[in-house]
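A short worksheet on the structure shown next.
Quick note: numbers below take in every heavy atom, side chains included, and nothing from hydrogens, waters or symmetry partners. Bear in mind that the values here come from a model prediction, so they are computed numbers and not experimental data.
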Amino acid sequence: MVSDANKYKANRKKNKWTEKELKHKPKGGMKDFNVSSTVKVLLVHTKTGEWYATSPQCTHYKAPLSKGVLVDDRVVCPWHAACFNVKTGDVEDAPGLDALVKYPVVVKGAQVYVLEPTEGKMGDKAREPSACSASRGNKTSYVIVGAGAAGATAAETLRQGGFDGRITVISGEKHLPYERIKLSKALSATPEQIQLRSAEFYARHCIDLKLGRLATALDAKAKKLTLDDGSSVAYDKLLLATGGNARLIPCEGHDLDNIHPLRVAEDAAAINDAAAIGGNLVIIGSSFIGMEAAAALINKFESVTVVGMEAVPFERVLGPEIGAVLEKLHAAKGVQFRMKAMLKRFLGSDGSVSG
């Protein structure tokens, strides 16, 4: 029995699913539905005929999941391929961190009812996955070197999987773990604006962050790490999630001023400061980072020129046809291109790059 106080009938007429379709088809379909004046849900009808309802947006950047792909009982985000289980709302693949809100569903004849969620309240956009904390009785120490998305998510996953020993995350950066890929899209973003979790989250789950510390030596036999301040960290289990460094081009003039890599938040801040001065910007590299930076900076410099070894941008990852389309889109915004070119040297005067 579904009481009037907690039932929300799918608005079929407005959303163009008829009563017959709600009961029998479209199997393997999904659609956004308004279940009240302020609440929208994603209603899913699987190929096996089951009905499920979740919050309608990806928990990463709020992409509409109804525009994504439904594969069996999993929905894949149309923007960055985060994956969620529609039966439970749980995250099944990155970059989503929080789960979807799961709504119980009751089908009565040709009518589908969405009930209040068992966790949270109606209209919640996301649900933090359940996780344990640390136990004094478990002396096992798990150390993670690297606090990017991989290292930070690994720490979360350990707690979500029931590991209640000690977790230590070591980071060479002084900031809380943040979404590094955002740097090339919004160079003005501060680490606080793009951090993955709050300091309170890590404290609540007893995840010890050692920020601004570099691991300088590893004694695998003794299971001990040495840090750059001379201290050491013992471990039972170790995960190396250090990522990579920005690849610099060691040609003539590479040490001139105003040549910026883009890897960490400080790099993005330096580029953003240069944008405040203006002038002419040259970007070496025509794949995702270079092209995202070009799009973000085209209105901040007098000119933006992309230099790439390929015939068109993205050629090696997306192919020549898509690359050509994207080149036209960027060119229409004013980006200039020098393709099929390799960097020979940097020109400079007074210690600063000039060409």
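- Contact annotation: the side chain of Leu227 never approaches that of Thr216 to less than 4.5 Å [non-hydrogen atoms, C-beta and beyond].
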Step by step, work out the salt bridge (Lys or Arg N to Asp or Glu O under 4.0 Å) result for Asp229 and Arg213. CA-CA 7 Å; Asp229 62 353; Arg213 288 284 174 262; 2.9 Å; yes

Sequence neighbours left out, cut at 3.5 Å: what donor-acceptor pairs do the side chains of residues 347-355 make with other protein atoms?
unit_1, atom_1, unit_2, atom_2, d
Ser352, OG, Asn258, ND2, 3.0

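- In this structure, the side chains of His254 and Ile259 stay at 4.5 Å or more apart for every pair of heavy atoms.
- Judged purely by atom type and a 3.5 angstrom limit, Asp267 uses its side chain to pair as donor or acceptor with the backbone of Arg263.
- Side chains of Glu179 and His60: a donor on one and an acceptor on the other come within 3.5 Å.
- Ser66 and Asp32 share a side-chain donor-acceptor pair at under 3.5 Å.
- Atom OG1 of Thr54 is separated from atom CG of Leu42 by 4.5 Å, given to the nearest 0.5 angstrom.
- Salt bridge status for Asp219 with Lys224: absent, with no side-chain N to carboxylate O gap under 4.0 Å.
- Phe84 places a side-chain heavy atom less than 4.5 Å from the side chain of Thr59.
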Leu196 vs Leu97, test: side-chain contact (heavy atoms from CB on, under 4.5 Å). Steps then yes/no. CA-CA 8 Å; Leu196 296 171; Leu97 290 178; 4.0 Å; yes

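- Counted within 6.0 Å of CZ on Arg338, heavy atoms from surrounding residues, nucleotides or ligands total 12 or fewer; the atom is thus considered open.
- Counting only distance, with no hydrogens or angles, the side chain of Ser55 and the backbone of Val101 share a donor-acceptor pair below 3.5 Å.
- Remark: side-chain polar atoms of Glu315 are paired, donor with acceptor, to backbone N or O of Ala311 under 3.5 angstrom.
- Residue pairs satisfying the salt bridge (charged side-chain N to carboxylate O under 4.0 Å, His left out) criterion with at least one member in residues 158-173, sequence neighbours excluded, are listed as follows: Arg166-Asp208, Glu173-Arg180.
- Between the side chains of His175 and Glu266, a donor-acceptor pair is found at a separation under 3.5 Å.
- Taking hydrophobic clusters as Ile, Leu, Val, Met, Phe, Trp and Tyr residues chained together by side-chain heavy-atom distances below 4.5 Å, Trp79 does not share a cluster with Leu100.
- Side chain of Asn85 to main chain of Lys87: a donor-acceptor pair is present (N/O by atom type, distance under 3.5 Å, no hydrogens or angles).
- Taking the ring centroids of Tyr103 and Tyr52, they lie at or beyond the 6.0 Å cut-off.
- At a threshold of 4.5 Å between side-chain heavy atoms, the hydrophobic network of Ile, Leu, Val, Met, Phe, Trp and Tyr places Ile181 and Phe288 in two separate groups.
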Would Met291 and Phe314 count as a side-chain contact (heavy atoms from CB on, under 4.5 Å) if you check the C-alpha gap in whole Å, the side-chain angles of each, and the deciding distance to 0.1 Å? CA-CA 9 Å; Met291 299 308 298; Phe314 303 107; 3.4 Å; yes

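- Under 3.5 Å, the side chains of Asn280 and Ser303 contain a donor-acceptor pair of N or O atoms.
- Between the side chains of Glu156 and Tyr202, not a single donor N or O lies within less than 3.5 Å of an accepting N or O.
- Between Glu327 and Pro313 the shortest side-chain heavy-atom distance falls below 4.5 Å.
- One distance of note links OH of Tyr178 with OG of Ser171; it measures 8.0 Å at 0.5 Å rounding.
- The pair Arg127-Asp90 meets the salt-bridge criterion, with a side-chain N (NZ, NE, NH1 or NH2) lying under 4.0 Å from an Asp/Glu carboxylate O.
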Between Leu238 and Leu218, is a side-chain contact (heavy atoms from CB on, under 4.5 Å) present by the stated rule, with each step listed? CA-CA 10 Å; Leu238 176 68; Leu218 167 63; 3.8 Å; yes

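- For Lys139 (side chain) and Arg136 (main-chain N/O), a donor-acceptor pair under 3.5 Å exists by modelled atom type.
- Ring centroids of His80 and Tyr61 are separated by less than 6.0 Å, placing the two rings close together.
- In this structure, the side chain of Thr153 engages the main chain of Ala149 through a donor-acceptor pair within 3.5 Å.
- The distance from atom CG of Asp98 to atom CG of Asp124, rounded to the nearest 0.5 Å, is 11.0 Å.
- Atom CD1 in Ile271 sits 12.0 Å away from atom OG in Ser188 (nearest 0.5 Å).
- Sorted by first then second residue, the salt bridge (charged side-chain N to carboxylate O under 4.0 Å, His left out) pairs that include residues 288-312, not counting sequence neighbours, are Lys185-Glu292, Glu310-Arg316.
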Apply side-chain contact (heavy atoms from CB on, under 4.5 Å) to the pair Leu262 and Ile289, showing each step before the final yes or no. CA-CA 8 Å; Leu262 180 53; Ile289 295 175; 4.0 Å; yes

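- Ion pair Lys121/Glu116 not flagged as a salt bridge, since none of the NZ, NE, NH1 or NH2 atoms sits closer than 4.0 Å to an Asp/Glu carboxylate oxygen.
- Contact check for Ile283 versus Val304: side-chain heavy atoms found under the 4.5 Å cut-off.
- Counting non-hydrogen atoms of neighbouring residues, nucleotides and ligands closer than 6.0 angstrom, the CG atom of Leu239 exceeds 12 such neighbours.
- With rounding to the nearest 0.5 angstrom, the NE2 atom of His45 is 4.5 Å from the CH2 atom of Trp51.
- The same ILVMFWY cluster, assembled from side-chain heavy atoms under 4.5 Å apart, contains both Val169 and Leu211.
- Summarising the geometry, atom CD belonging to Gln57 is positioned 10.5 Å from atom SG belonging to Cys77; distances are rounded to the nearest 0.5 Å.
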